[in-house]
Amino acid sequence: MRALALIAALSLSGCPTLMRMPLTLEPLPRAAEGMRIRTADGWELVLIRYRAAGPGRGVPVLLVAGIGANGRCMDLDGAHSLARWFSEQGRESFVLNLRGTGHSDAPDPRRGRPYAGETMDSFASQDLPAAMAAIREATGAAKVDYVGHSMGGLVGYIYLARGGQGINAAITLGSPARLNWGGQFETFVKLAAPTISPLRKLPMASIAELSYLTYWQINPPLDLVLYNPENLRPETFDKLMAIGTANIYGSVVRQFSSWVWRGRMLSVDGEIDYLERLRTRPMPPVLVVAGKIDRLAPAQAVRAAFDALSGPKDFLIAGEENGFEADYGHLDLVIGERAAVELWPRLLRFLDTHAPGRAREGSR
């Protein structure tokens, strides 16, 4: 049981699983508009739309969460929602639930959706193009800005490395492009991958409930792994656990595992080295953000993508050295209590700086 709970907790680079209060649901507000979209390979996904409050400005923003997480990690509640915050600033925002998360389609071989179809390659080559096409049709915008947390940022990198078009500017938050540079995520993959990889899926919602029942018997120091308590209240952490989890599929874990053991960010078939592609493909402006004390995605692992990017780029460490009240951990970047004041305005400034029609800044 101890090993199962540890796997449940460390599995989520985008969202936690251990619980200290009963599961509760908090519905999305009326302003949230649900859109059902279909990928080229036949999966139906859910996209949540927030229209711009007041006069709109800039291009729409697409937000994508990490592994083991659904879209609620980017849209938890009124005080912890990057999606709603962008909307309040005049930016129309869209939260994508990748295949297998939220109310999007899950693998079902009987309906032509194989479990092997759940990979970061399919997220990038199928889910993102479908979402961006739907956004362009709904808004009339020629391009979108992209914000990805953890694996969501990696999916954005893969999309660009594969020659994906339509991203005006991108931001990644705690997205480790080199998984063999230490950190708790590397530890998890090495310990848990042999157990999870052969499975079709790891049912995170069920494990979350089980973990709640056994939390006080296990009592692991997981808070410090997933976030900095100076930035994030326990009740916020618990709410995210209650409504933000999603199944983890063995095919995704196998791909992560190959990255760890081979030291390269590879496609499922091993034919494409995505970091090498980032060095040679034309890139939109990208802001790479790392948490100073992120134990799942250490700053040096996050910076690996920044070093590879060939286009205009900037790198930010969210920590006291750069004017933050405390050093940021992994989840602090998307649900931290002060993120809306300390961090998110910096993200918006980057996107505004690179809005269509404005002069591009050079790399640095």
Side-chain angles (χ1 to χ4, degrees), residues 9 11-17 26 28 32 48 50 61-89 91 93-98 101-102 145-156 170-176 184-185 222-223 225-246 287-297 299 302 316-319 324-348 350-351:
S11 295
L12 296 175
S13 66
C15 189
T17 54
E26 179 171 325
L28 291 172
I48 302 299
Y50 287 97
V61 182
L62 173 61
L63 300 102
V64 180
I67 186 174
N70 59 47
R72 295 303 294 269
C73 285
M74 309 293 273
D75 185 24
L76 185 62
D77 57 30
H80 310 88
S81 170
L82 183 52
R84 297 179 218 179
W85 185 87
F86 272 123
S87 171
E88 291 165 0
Q89 312 309 311
R91 285 296 193 102
S93 65
F94 293 80
V95 180
L96 175 62
N97 286 275
L98 295 167
T101 72
D145 285 336
Y146 184 86
V147 179
H149 177 241
S150 196
M151 187 190 73
L154 299 177
V155 171
I171 297 172
T172 64
L173 304 168
S175 300
Q184 297 293 338
F185 195 81
L222 293 170
D223 295 7
V225 173
L226 297 168
Y227 67 92
N228 181 357
E230 294 184 45
N231 289 327
L232 202 158
R233 294 195 301 266
E235 54 266 33
T236 304
F237 180 74
D238 290 332
K239 181 183 289 187
L240 183 60
M241 291 186 283
I243 63 179
T245 56
L287 171 62
V288 179
V289 181
K292 178 64 180 293
I293 57 170
D294 190 334
R295 293 170 176 82
L296 287 175
V302 173
L316 172 65
I317 293 180
F324 295 84
E325 286 195 26
D327 294 334
Y328 275 51
H330 196 66
L331 293 174
D332 314 8
L333 300 169
V334 286
I335 60 168
E337 309 301 340
R338 295 187 299 273
V341 176
E342 294 183 327
L343 175 61
W344 299 349
R346 301 189 190 206
L347 310 185
L348 182 59
F350 178 85
L351 297 180

| field | Residues Leu232, Leu331; criterion side-chain contact (heavy atoms from CB on, under 4.5 Å); working and verdict | value | CA-CA 8 Å; Leu232 202 158; Leu331 293 174; 4.1 Å; yes

Could you pull out the closest heavy-atom pair between [X] and [Y], with the gap in Å?
{"X": "Asn97", "Y": "Gly71", "value": "OD1-N, 2.8 Å"}
{"X": "Ala318", "Y": "Phe324", "value": "CA-CE1, 3.6 Å"}
{"X": "Arg84", "Y": "Leu28", "value": "NH2-CD2, 3.9 Å"}
{"X": "Asn231", "Y": "Ala326", "value": "OD1-CB, 3.4 Å"}
{"X": "Ala340", "Y": "Trp85", "value": "O-NE1, 3.6 Å"}
{"X": "Leu287", "Y": "Phe350", "value": "N-CZ, 3.4 Å"}

Say whether, by atom type as modelled, one donor and one acceptor occur between the side chain of [X] and the main chain of [Y] under 3.5 angstrom.
{"X": "Asn70", "Y": "Thr101", "result": "no"}
{"X": "Trp344", "Y": "Arg338", "result": "no"}
{"X": "Thr172", "Y": "Gly153", "result": "no"}

Nearest-0.5 Å distance that lies between atom [atom1] in [X] and atom [atom2] in [Y]:
{"X": "Leu347", "Y": "Arg91", "atom1": "CG", "atom2": "CZ", "answer": "11.0 Å"}
{"X": "Asp294", "Y": "Asp327", "atom1": "CG", "atom2": "CG", "answer": "11.5 Å"}
{"X": "Asp145", "Y": "Phe94", "atom1": "CG", "atom2": "CZ", "answer": "12.5 Å"}
{"X": "Arg72", "Y": "Glu26", "atom1": "CZ", "atom2": "CD", "answer": "6.0 Å"}
{"X": "Leu240", "Y": "Cys73", "atom1": "CG", "atom2": "SG", "answer": "4.0 Å"}
{"X": "Asp75", "Y": "Ile335", "atom1": "CG", "atom2": "CD1", "answer": "12.5 Å"}

| message | If we check side-chain contact (heavy atoms from CB on, under 4.5 Å) with Tyr146, which of these qualifies: Leu63, Val64, Val61, Leu351? | response |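 The side-chain contact (heavy atoms from CB on, under 4.5 Å) with Tyr146 is passed solely by Val64 among Leu63, Val64, Val61, Leu351.
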
| said: More than 12 heavy atoms of other residues, nucleotides or ligands under 6.0 Å from CD of Glu230: yes or no? | reply: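 Count not over threshold, so no.
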
Taking C-beta and beyond as the side chain, do [X] and [Y] meet within less than 4.5 Å on heavy atoms?
{"X": "Glu342", "Y": "Asp332", "answer": "no"}
{"X": "Arg233", "Y": "His80", "answer": "yes"}
{"X": "Leu343", "Y": "Leu316", "answer": "yes"}

| task | Any chance you could lay out the side-chain contact (heavy atoms from CB on, under 4.5 Å) test for Leu82 and His149, step after step, and finish with the verdict? | result | CA-CA 11 Å; Leu82 183 52; His149 177 241; over 6 Å; no

| message | Using the side chain to side chain donor-acceptor pair (under 3.5 Å) criterion, which residues pair with Arg346? Sequence neighbours excluded. | response |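 Arg346: no side chain to side chain donor-acceptor pair (under 3.5 Å) contacts found.
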
